[in-house]
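Input: a single structure, listed below in structure tokens.
Below, chains carry the letters A, B, ... as their sequence lines are ordered, and counting in each starts from 1. Remember, it's a predicted structure, so these values are computed and weren't measured experimentally.
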Number of protein chains: 2
Amino acid sequence: MKPDSVSIREISKITGVSVATVSRVINNNGRFSKETEARVKKALKEYNYTPNLAARGLRTKRIATVGVVVPDITNEYFARITLHLQERLFAHSYSTIICNTDEKADIERRHLDMLLSQQVSGVMYVSGTPHAFDRLSHLPAVFIDREPQTAREAGNYSLIESDNFLGGALAARELLQKGCRRLCVFKYRDDISTHNAREAGFRQAAREAGLQAGDVRVEIVPDVSVLQGYEKAKAVWQAGGFDGLFCTADALAVGACNALRAEGVEIPGQVKLVGYDDTAIAHYGAVPLTSVHQSTEEIGRLAADTLLQIIDGNQPERRHITLPVHLVVRASTGGQSEEA
Amino acid sequence: MKPDSVSIREISKITGVSVATVSRVINNNGRFSKETEARVKKALKEYNYTPNLAARGLRTKRIATVGVVVPDITNEYFARITLHLQERLFAHSYSTIICNTDEKADIERRHLDMLLSQQVSGVMYVSGTPHAFDRLSHLPAVFIDREPQTAREAGNYSLIESDNFLGGALAARELLQKGCRRLCVFKYRDDISTHNAREAGFRQAAREAGLQAGDVRVEIVPDVSVLQGYEKAKAVWQAGGFDGLFCTADALAVGACNALRAEGVEIPGQVKLVGYDDTAIAHYGAVPLTSVHQSTEEIGRLAADTLLQIIDGNQPERRHITLPVHLVVRASTGGQSEEA
DNA sequence: CCTCGCTGAGTAAACGATTACTCATCCTGC
DNA sequence: GCAGGATGAGTAATCGTTTACTCAGCGAGG
């Protein structure tokens, strides 16, 4: 019913000032008298003016929109980060285009082409391996969780991650302190810095506690899914077993838990279990799961602020931010207390 | 490194044809010879031409982007729908701007203003009560799950939902068939068509089985959260109890399950429990949860196709689509079999 | 031989907003 | 009384595409 949207020109006609002045008032840019300002603002409100972002973007070559590239939005951890990113960016009047890549290079490529076409002012990579990073080497970018392996020379980006090494170490210490000696790690892939760091931290803590390298068995899984955890746990248990298991993602731990119980193994009696990310499933699973917690809110907030800094042309305060993590102890390691 | 992006004009200079012809080739629109086409296409590829969507949007007043308004992206059910929406829209070369409203009217309003500024060609409402629907009464829109209560006269929209009435009825029949007679329903709010329909279906099935209206107790909860389910279950149990509980969302059921077990109640021995949405937590919770399953994939696919039809100016085949649901029976009602 | 219709392609005007120039007016200080 | 700076505001070019007109050339029908 209402007019689709009035343009700056119509406001100009209505108020009797030129379009240039209207634009100046809108952007609070340049000089104009108090009266002019009042008159224009009144008209803007009254006629419900909505700026045409296409026109503005065309002229200024920048648009208050950033792309968010995420491997799987149905993963609760990623969803939470995405949510906080959006909240923060929205508060700075940026909008976000969320792209789900499913970890597929060709999908990511198409998404990036689209983002470039949209003239987005920056890109946020949530835990993604950027296969197509070269396409946007000149664009402001922030990586969350995973470091880009390629195109590292292009300078215009930052990395925000939580302390994965520490997270792995906390997991190991918890298991060791609770008496575990035959340790096992289920790690997601072998080429992701995030998960490698978790393993490294775990190993180091085990070494410090006097274990030999051979006392820690590491299994690689190709997917983060409950099913993968289930299958792998069944296989490893039947092939010799362990008394402490650390999974670099909660879903794996949940699957492992199910498999072990199906084998008649008691948790935490015979096997103790630690997951990662502290997702809802960890709270409410069959056996409440001890898990490494990282603050998605803080990650999102910092990442958004950093990207905005880069977009504004300021060097970010820090190029590489590492956030602390802590362990939430639950029944799967037989504990009540929560340790920082 | 690479040139930011070549424009149509540069392609025109390179190939020696006019910009108009280049545009025609790009859009496969109008007449041009085979040779011209080949020459232009070669140049486009070679110089890595990327269309400027701002310019195109400015000229054509429409842009291949739709807004997706969702109350809470961290809710697995919404996230799955959003994912499938995006996949489908992306396949038709539309991009999506995902907006999280947190069910807050003012946030929704700001999001909608932004979407209008972006000149999006349509809006998808995922299970949201459109508080600000009037802002976009002229825009193509598809509602998923919840029917708009206001501005209903504006004709340009469709509604996709699953059969909530049937879902409620299936839940009731399952509980009744397993011997429950003192039934209780935890319903999310009292003003949401979706959840009201679930309750209505539940009541009707109970009536058909010979129960009196008084045999079904209904409790309203203000939030879909595990905590709410926990508190409400504790209170209701201590105030008299029930032997069959239906929650209109899985999270509530998980909370209720925890509370009841904390009270020493056996599930499914003393109380049987049915949830809704069949989310991961239903599979892997402490007691695997019987739940009503709706296909997020189908909902997403249909919604996307319908919105595209409306955008293209065709009346959608059906203005109101209702999808079937089925019950997945698990331990919380003591069952193994899966019923359609 | 003239005219008509078709084909392929160029010219130029939008779309809505921003901004570099320009300019009239007024004030201030000498 | 006048130079010169400050102030407020208008003119017009521009961003990259699309598209309504226009037109030259060519083949066919009368």
Checklist entry - Can we say D106(B) and K104(B) salt-bridge, meaning some charged N sits less than 4.0 Å from an Asp/Glu carboxylate O? => result no

Item to check | Earlier contact from the 5' end, DNA chain D, for N52(B) and S33(A) | outcome: S33(A)

Next on the checklist: Rounded to whole Å, please give me the gap between CD1 in I8(A) and C1' in dG10(D).
Outcome noted: 14 Å

Checklist entry - Atom CG of L44(A) to atom C1' of dA17(C): distance rounded to whole Å? => result 13 Å

Checklist entry - Taking CD1 from I63(A) and P from dA17(C), how many angstroms apart are they, rounded to a whole number? => result 13 Å

Checklist entry - CD of E35(A) versus P of dT7(D): gap in Å, rounded? => result 15 Å

Checklist entry - Do the non-hydrogen side-chain atoms of C99(B) and M114(B) ever get within less than 4.5 Å of each other? => result yes

Item to check | Atom-to-atom span, NZ of K34(A) to C1' of dG8(D) - whole angstrom | outcome: 13 Å

Next on the checklist: In whole Å, I'd like the distance from the CZ atom of R62(B) to the P atom of dT17(D).
Outcome noted: 18 Å

Item to check | E37(A)/K41(A) ion pair, N-O < 4.0 Å | outcome: yes

Next on the checklist: Output the rounded distance in Å from CZ (R59(A)) to C1' (dG16(D)).
Outcome noted: 12 Å

Next on the checklist: Let me confirm one number: the OG1-NE2 distance from T74(A) to H84(B), rounded to the nearest 0.5 Å.
Outcome noted: 8.0 Å

Checklist entry - Is R189(B) salt-bridged to D191(B), cutoff N-O under 4.0 Å? => result yes

Checklist entry - Is any side-chain nitrogen or oxygen of T36(A) closer than 4.0 Å to OP1 or OP2 of dA9(D)? => result yes

Checklist entry - Can a side chain N or O of R56(A) be found less than 4.0 Å away from OP1 or OP2 on dT18(C)? => result yes

Checklist outcome for this item: Which of dG16(C), dT19(C), dC15(D) is nearest the side chain of K61(A)? It is dC15(D)

Item to check | Residues within residues 17-32 of chain A bordering DNA chain D, heavy-atom distance below 4.0 Å | outcome: V17(A), S18(A), A20(A), T21(A), R24(A), R31(A), F32(A)

Item to check | Salt bridge flag under 4.0 Å for residues E35(A) and R39(A) | outcome: no

Checklist entry - Nearest of dA13(D), dG8(C), dG16(D) to any side-chain atom of L58(B)? => result dG16(D)

Next on the checklist: Between R146(A) and E103(A), does any NZ, NE, NH1 or NH2 come within less than 4.0 Å of an OD or OE carboxylate oxygen?
Outcome noted: yes

Checklist entry - For the pair made of CD1 in I11(A) and P in dT18(C), what is the distance, rounded to whole Å? => result 13 Å

